[in-house]
Structures are given as C-alpha cells and as structure tokens.
Amino acid sequence: MKLNGRDIRTIKGALSLSGYQLSGVLGSGRFGTCYSVSRHEENFALKVFNKNDVKRRKTKIAREGKILAAIDHCAIPKMIQVIDADGIYGLIMEKKPGNSLEELINWDYDFSENEILSITTQLIDIMEYLYSLKISHRDVKHSNILWDHGKIFLIDFGSARMLSEQKRRFNADFWGIGDVFLRLALTSQEMALDEGDFSVDGLGLDDMQKNVIKRLLYSKQPYESMYAVKRDFKKVFNLD
Ligand SMILES: Nc1ncnc2c1ncn2[C@@H]1O[C@H](COP(=O)(O)OP(=O)(O)OP(=O)(O)O)[C@@H](O)[C@H]1O
C-alpha cells in the first residue's frame with residue numbers, strides 16, 4: 001500500500017519529535033517501506049509498516065521490534081526506537097552497509113568459492129548466535145543478506161519467532177542457509193559445472209559436500225540442530 005503526501009508529512013513530523021530527518025528510500029517489500037533517516041549526522045534505517053497491517057495486526061508487527069531489541073550482534077541491525085504516531089508505526093534501527101546478495105547476483109557479480117564459503121560460514125555463525133537466544137529468523141534468503149567488504153549482515157526480522165513457538169518438522173533456517181549457498185554457487189564460474197543444471201548436482205563439489213547441502217535443502221535426511229550444520233559444513237569444506 002502506497003503512502004500519500006499526508007502520510008509522509010506524518011512520518012516526518014513523528015521523526016522530527018525525536019530529532020530524525022527523512023533522507024531517502026531504501027526499498028519496499030510485503031511489510032511496507034524502508035527509509036534512510038539521519039540524526040546528528042548518523043544514518044539509520046526506518047521500517048514503516050503498511051497502515052492496514054498496523055490497524056489489524058499491531059501485536060504481530062510489534063514482535064519484530066521486540067525480537068530485534070533482544071539481539072546484540074554486530075552482523076544484525078540494533079533496534080534504536082519505535083515510532084508510533086497517528087497510525088504510522090515504524091522501527092528505527094541501525095543502518096547496515098552493503099548491497100544485498102540478490103542485487104549482486106542480478107548485477108552478475110561472479111562470486112569466488114572462497115567468498116561463498118565465507119558468506120555461508122558467517123551466516124551459520126549468526127544463526128548459531130540466534131539459536132543460542134532461541135530465535136528463528138525464518139526468512140533467510142539472498143535479499144535479506146547485505147554484503148560489504150567481505151562481511152555479511154542479516155536483516156528483516158519480520159518473520160522471526162521464538163523457537164519454542166514453532167512446530168519443528170520443517171526448519172526454514174536450515175533450508176534458507178542451503179538456498180543462499182546454492183544460489184551463489186550456481187552463479188559462480190568457479191563452482192558451477194554446467195550452466196543448465198540448477199541443482200546441487202550441477203556444482204563442482206564432492207559427494208560429502210553435496211550431501212551437506214542436500215541435507216540443508218531437505219532433499220536428504222534433514223538436520224536436527226544448528227550445531228550439526230556448523231560441524232558438518234566446516235568439516236566437509238575443510239574450514240577448521
Ligand atoms: N537495517 C538496514 N540497514 C540497511 N538497509 C536496510 C536495513 N533494513 C532494510 N534495508 C534495506 O531496505 C530494503 C527493504 O527492506 P526489507 O529487507 O525489510 O524488505 P524486503 O526483504 O525487500 O521485503 P520482503 O520482506 O517483502 O522480501 C532491503 O532490501 C535493504 O536494502
């Protein structure tokens with residue numbers, strides 16, 4: 001749902017009360033729109049939710065801010081402040097640098113094997129941290145990972161839940177890690193064997209490496225813990 005001039009004025013008004021200024025649009029998705037805002041020459045990201053969702057599902061929307069506030073990790077945006085005025089509901093959070101992996105893939109960036117292994121290892125480490133807090137992200141995908149000078153940042157906690165709230169037959173986080181790896185590897189000249197084969201078997205991996213990726217993607221015996229994901233990934237790719 002688009003915002004009209006009055007909504008923008010309301011957002012600007014609510015922001016100015018806390019000393020922030022609107023400076024640009026970062027992107028939009030199912031939830032609403034992300035803006036760039038600044039205060040004292042520091043930039044932040046502001047996520048403004050669709051007005052209809054705010055009316056109907058405010059408790060669910062508020063969950064994202066609560067979960068972000070419980071997280072303290074350098075690869076995840078810190079929660080700064082909730083904006084809640086005149087039907088506008090938004091979250092001000094730390095603005096992380098970089099472009100999303102989706103953008104890089106669309107720009108035909110040729111990821112090296114080392115870069116893909118580094119990205120996946122960092123992602124597994126971030127997920128291990130989240131699991132230590134019993135938080136499941138549930139929307140791990142290339143568009144929710146920013147990449148800057150070799151470091152990744154995981155954004156968009158709109159689908160995140162506490163692990164205890166979930167029925168655990170399918171783990172979206174394991175699948176997401178496998179999906180990010182596969183998408184990057186299939187676009188990599190170093191890793192993709194055959195341009196027409198969009199499966200794990202189209203990658204230049206040995207059988208043990210393929211088995212770990214297939215287990216992440218639920219086409220082989222699925223994983224039961226993040227610990228086992230990390231252990232096996234490091235072992236088969238010699239990352240210790
Ligand atoms: N904390 C942040 N720091 C820097 N950029 C951000 C931050 N949060 C969001 N963005 C930018 O805003 C864009 C849109 O935000 P978000 O990821 O929440 O939605 P989306 O993934 O595009 O939507 P959907 O959830 O529908 O897939 C992102 O692609 C990213 O470029």
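Only a predicted model underlies this, so the values are computations on that prediction, with no experimental measurement involved.
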So does Gly98 get a backbone contact from the side chain of His149, meaning a donor-acceptor N/O pair under 3.5 Å?
no
Might you point out which heavy atoms bring Arg138 and Ser136 nearest each other, and give the distance in Å?
CG-OG, 3.0 Å
Counting only N and O atoms by type, is there a donor-acceptor contact under 3.5 Å from the side chain of Thr10 to the main-chain atoms of Arg6?
yes
Is the ring pair Phe31/Phe49 parallel, tilted or perpendicular, if the boundaries are 30 and 60 degrees?
perpendicular
Look only at the side chain of Asp206 and the backbone of Met208, and say whether a donor-acceptor pair between them is shorter than 3.5 Å.
yes
Determine yes or no for a side-chain-to-main-chain donor-acceptor pair under 3.5 angstrom, with Arg183 supplying the side chain and Glu102 the backbone.
no
Are Tyr227 and Leu130 connected in the hydrophobic side-chain network, where two residues link if heavy atoms are under 4.5 Å apart?
no
Could you walk me through whether Lys47 and Asp156 satisfy the side-chain contact (heavy atoms from CB on, under 4.5 Å) test, starting with their C-alpha distance in whole Å, then the side-chain angles of each, then the deciding distance to 0.1 Å, before giving a yes or no?
CA-CA 9 Å; Lys47 183 167 187 170; Asp156 193 0; 3.0 Å; yes
Listed pairs under 3.5 Å, donor-acceptor, residues 53-61 side chains, sequence neighbours left out:
| residue | atom | partner | partner atom | Å |
| --- | --- | --- | --- | --- |
| Lys58 | NZ | Asp84 | OD1 | 3.2 |
| Lys58 | NZ | Asp84 | OD2 | 2.9 |

Residues Lys214, Asp201: salt bridge by 4.0 Å N-O rule:
yes
Flag for Asn43-Ser36: side-chain donor and acceptor within less than 3.5 Å:
no
Check whether the side chains of Asp173 and Tyr131 place a donor and an acceptor atom closer than 3.5 Å, and report yes or no.
yes
Do Trp175 and Asn171 have side-chain heavy atoms sitting under 4.5 Å apart?
no
Could you tell me if the side chain of Val37 sits less than 4.5 Å from the side chain of Gln21, heavy atoms only?
no
Would a distance-only check, ignoring hydrogens and angles, find a side-chain to backbone donor-acceptor pair under 3.5 Å from Lys96 to Cys74?
yes
Side chains of Ile155 and Pro77 in contact at under 4.5 Å (non-hydrogen atoms)
yes
Under the side chain to side chain contact (heavy atoms under 4.5 Å, CB included) test, residues paired with Ile124 that sit two or more places apart:
Thr120, Ile177, Val229, Lys230, Phe233
Using 30° and 60° as the class boundaries, would you call the ring planes of Phe157 and His137 parallel, tilted or perpendicular?
perpendicular
Walk me through it: do Ser132 and Glu128 pass the test side-chain hydrogen bond (donor to acceptor under 3.5 Å, both in side chains)?
CA-CA 6 Å; Ser132 75; Glu128 190 184 34; over 6 Å; no
Please check: side-chain N/O of His40 versus main-chain N/O of Glu42, any donor-acceptor pairing under 3.5 Å?
no
Quick one: does Tyr20's side chain get under 4.5 Å of Ile11's, heavy atoms only?
no
Donor-acceptor under 3.5 Å (Ser188 side chain, Glu190 main chain):
yes
How would you list, by chain and number, every residue that makes a ring pair (Phe, Tyr, Trp, His ring centres under 6.0 Å) with Tyr223, sequence neighbours excluded?
none
Testing the basics here: between Phe44 and Met93, what is the closest heavy-atom pair and its distance to 0.1 Å?
CB-O, 3.4 Å
Using side-chain heavy atoms (C-beta onward) and a distance below 4.5 Å, is Tyr109 in contact with Thr187?
no
Inter-residue atom distance Lys220.NZ - Arg215.CZ, 0.5 Å rounding:
10.0 Å
